[in-house]
Amino acid sequence: MNATRTPRTGRPASRPGRAAAHRLALLESMLRVRRFEERCVELYSAARIRGFMHLYIGEEAVAAGVNEALTDEDAVVSTYREHGHALARGVPAEAIMAEMFGKATGCSRGRGGSMHLFDASRRFYGGNAIVGGGLPLAAGLALADRMTGRARVTCCFFGDGAYAEGEFHETANLAALWGLPLLLVCENNLYAMGTALARHQAQTDLALRAAGYGMVAWAVDGMDVLAVEDAARRAAEGVRAGGGPHFLEMRTYRFRAHSMYDSDRYRDKAEIEHWKERDPVEGLARRLREAGELSDEARTTLEDRLAAEIDAAVQAADQAPEEPVEDLLKYVTSPVEASRP
């Protein structure tokens with residue numbers, strides 16, 4: 001885990017000094033994601049990262065806030081837009097960048113790339129390229145915990161587009177029916193790829209619809225990291241206390257296109273600029289400055305430290321080895337199958 005990251009204890013800070021330090025840690029977590037993603041844009045444009053890539057710029061408050069409400073024993077299941085989730089969970093930038101470069105030192109041994117980040121040691125179970133594909137996996141993890149009596153939470157991130165998939169409704173129904181310790185976090189950024197929410201959902205209040213499955217559900221300002229953390233703590237505590245699945249609709253927005261291949265012609269530019277006025281990173285930084293908790297010098301120091309961290313990750317990825325050709329079938333076929341004539 002990154003040495004600069006505060007531990008996930010699942011308990012709110014209480015003392016004023018500790019609360020100020022905690023808010024600064026949230027800012028650092030969001031800034032790490034923002035600067036990492038910005039560097040990925042540069043590297044992708046230079047053809048040093050290839051394949052599909054979906055950026056998290058604009059949604060950093062959700063990853064940072066939710067992960068602060070989880071403990072290290074909890075599990076996280078993510079989507080193909082998962083760089084921010086992985087970083088906030090504590091997966092090192094170096095391991096993620098190496099994965100983006102397709103190197104053997106990547107968190108998925110260079111085999112997954114941008115959409116398939118994975119780190120079992122941090123209970124981060126993807127990174128799933130299939131829309132809604134992580135939902136049944138999360139239900140399975142939660143069921144295993146319930147059957148073994150472990151007081152753990154499985155948190156599953158997914159987008160508003162996945163809400164239209166059968167996997168969501170099947171998972172929500174079984175989770176409520178079986179009382180699974182599952183925290184469903186819907187990142188509603190208003191667009192399923194290029195399709196606006198109102199064009200594919202008759203009822204756009206997703207929390208209201210989720211409540212129809214008999215689970216606790218509410219909507220959250222996904223551009224306010226403190227509101228996100230507060231809601232996620234309440235939900236995680238409810239799940240951990242045996243209250244069954246909880247659903248959070250994080251109302252957020254991605255500032256960039258759906259993917260690096262997307263021309264982004266389906267959104268009005270004024271709409272994008274309007275949401276940028278609610279930038280979660282700068283919003284928290286402004287609040288900290290107004291409270292006297294963040295000076296210009298401290299912000300510069302933080303930015304320099306994160307830049308050095310990401311520079312080191314890029315350098316390490318550049319120098320990392322590629323997987324040997326003779327190992328390419330490893331993890332693809334079983335040893336028994338490989339030994340057959």
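- Side-chain heavy atoms closer than 4.5 Å link hydrophobic residues (I, L, V, M, F, W, Y) into clusters, and following such links, possibly through other members, connects M100 to Y261.
- Each of R81, H85, R251 was evaluated against E187; a single residue qualifies, H85, per the side chain to side chain donor-acceptor pair (under 3.5 Å) test.
- Taking the charged nitrogens against the carboxylate oxygens, E99 and R109 have no contact shorter than 4.0 Å, which rules out a salt bridge.
- Here D279 pairs with R34 in a salt bridge; the nearest charged N to carboxylate O distance falls below 4.0 Å.
- The two atoms that bring A61 and G222 nearest to each other are CB-O, 3.4 Å, heavy atoms only.
- Within 6.0 Å of CZ in R265 there are 12 or fewer heavy atoms belonging to other residues, nucleotides or ligands.
- To the nearest 0.5 Å, atom CE of residue M97 and atom CD1 of residue I310 are 7.0 Å apart.
- Using a cutoff of 4.0 Å between basic side-chain nitrogens and carboxylate oxygens, R233 and E229 are scored as salt-bridged.
- Two residues are said to be in side-chain contact when any heavy atoms from C-beta on lie closer than 4.5 Å; H246 and M215 fail this criterion.
- F157 has its side chain out of reach of V77: every pair of non-hydrogen atoms, C-beta onward, lies at least 4.5 Å apart.
- There is no path of hydrophobic side-chain contacts, each under 4.5 Å, that joins L174 to V153.
- Under the 4.5 Å side-chain heavy-atom criterion for grouping Ile, Leu, Val, Met, Phe, Trp and Tyr, L143 is not connected to V76 through any hydrophobic cluster.
- Going from atom CZ of R199 over to atom OG1 of T195 covers 8.5 Å, rounded to the nearest 0.5 Å.
- The local environment of CD in Q203 is crowded, with over 12 non-hydrogen atoms from other residues, nucleotides or ligands closer than 6.0 Å.
- In terms of heavy-atom proximity, E82 sits nearest to G127 at OE2-CA, 3.3 Å.
- In summary, the aromatic rings of H83 and Y56 are positioned with their centroids too far apart to meet the 6.0 Å limit.
- With W218 as the aromatic partner, R234 meets the cation-pi criteria of under 6.0 angstrom to the ring centre and within 45 degrees of the ring axis.
- Using a cutoff of 4.0 Å between basic side-chain nitrogens and carboxylate oxygens, E290 and R287 are not scored as salt-bridged.
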- Query: For K330 and D327, what are the C-alpha separation, side-chain angles and deciding distance, and is it a salt bridge (Lys or Arg N to Asp or Glu O under 4.0 Å)?
  - Reply: CA-CA 5 Å; K330 193 176 182 180; D327 287 348; 5.3 Å; no

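- With respect to T171, the side-chain contact (heavy atoms from CB on, under 4.5 Å) criterion is satisfied by exactly one of L182, L137, L180: L182.
- Counting heavy-atom neighbours within 6.0 Å of R289 CZ, excluding the residue itself, gives a total above 12.
- Ring planes of F255 and Y253: tilted class, angle from 30 to 60°.
- Rounding to the nearest 0.5 Å places OG of S114 at 6.5 Å from CE of M53.
- Annotation: side chain of L183 is not in contact with side chain of T154 (no heavy-atom distance under 4.5 Å).
- Both L70 and L248 belong to a single network of hydrophobic side chains, linked directly or stepwise wherever heavy atoms of I, L, V, M, F, W or Y lie under 4.5 Å apart.
- The pair R39-E42 meets the salt-bridge criterion, since a charged nitrogen lies less than 4.0 angstrom from a carboxylate oxygen.
- Closest non-hydrogen pair, L135 versus F168, comes out as CD1-CA, 3.6 Å.
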- Query: Should E68 and L26 be marked as a side-chain contact (heavy atoms from CB on, under 4.5 Å) after you check the CA-CA gap, both sets of side-chain angles, and the distance that decides it?
  - Reply: CA-CA 8 Å; E68 282 299 329; L26 288 171; 3.3 Å; yes

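- Using a cutoff of 4.0 Å between basic side-chain nitrogens and carboxylate oxygens, D74 and R152 are not scored as salt-bridged.
- Counting all heavy atoms, side chain and backbone alike, Y125 lies closest to A75 at CE1-CB, 3.8 Å.
- No side-chain heavy atom of M250 sits under 4.5 Å from any side-chain heavy atom of N188.
- Using a 4.5 Å heavy-atom threshold, the side chains of L43 and V314 count as touching.
- Other residues, nucleotides and ligands contribute over 12 non-hydrogen atoms within 6.0 Å of the CG atom of L177.
- Inter-residue side-chain proximity for E249 and D205 is flagged as met; some heavy-atom pair is nearer than 4.5 Å.
- Ring centroids of F124 and F118 are separated by 6.0 Å or more, keeping the two rings apart.
- M223 contributes atom CE, which lies 8.0 Å from atom CD of E60 (distance to the nearest 0.5 angstrom).
- At a threshold of 4.0 Å, the pair E59-R254 does not count as salt-bridged, since none of the basic side-chain nitrogens sits closer than that to a carboxylate oxygen.
- In terms of heavy-atom proximity, F247 sits nearest to C186 at CZ-CB, 3.7 Å.
- Scanning all heavy atoms of the two residues, the minimum distance from A236 to A69 falls at CB-O, 4.0 Å.
- A salt bridge is absent between E73 and R123: the closest approach of a Lys/Arg side-chain nitrogen to an acidic carboxylate oxygen does not fall below 4.0 angstrom.
- Between E303 and R305 there is no salt bridge, since none of the side-chain N atoms of the basic residue sits less than 4.0 Å from a carboxylate O of the acidic one.
- A 4.5 Å side-chain heavy-atom check between E323 and K103 finds every atom pair outside the cut-off.
- Applying the side-chain hydrogen bond (donor to acceptor under 3.5 Å, both in side chains) test to residues at least two apart or on different chains, the pairs with a partner in residues 159-170 are H169-Y213.
- For Y80 and F52, the ring centers are positioned 6.0 Å apart or more.
- Taking a 6.0 Å sphere around CG of D304, one finds it holds more than 12 heavy atoms contributed by other residues, nucleotides or ligands.
- The closest side-chain heavy-atom distance from C155 to V66 is below 4.5 Å.
- Contact check on E28 versus R32 returns a salt bridge, with a Lys/Arg side-chain nitrogen under 4.0 Å from an Asp/Glu carboxylate oxygen.
- Ion pairing of D262 with R256 is absent here, as no side-chain N (NZ or NE/NH1/NH2) approaches a carboxylate O to less than 4.0 Å.
- By the 4.0 Å N-to-carboxylate-O rule, D221 lies close enough to R278 to be salt-bridged with it.
- V62 and V239 fall within the same hydrophobic cluster, where Ile, Leu, Val, Met, Phe, Trp and Tyr residues are linked whenever their side-chain heavy atoms come under 4.5 Å apart, directly or through other members.
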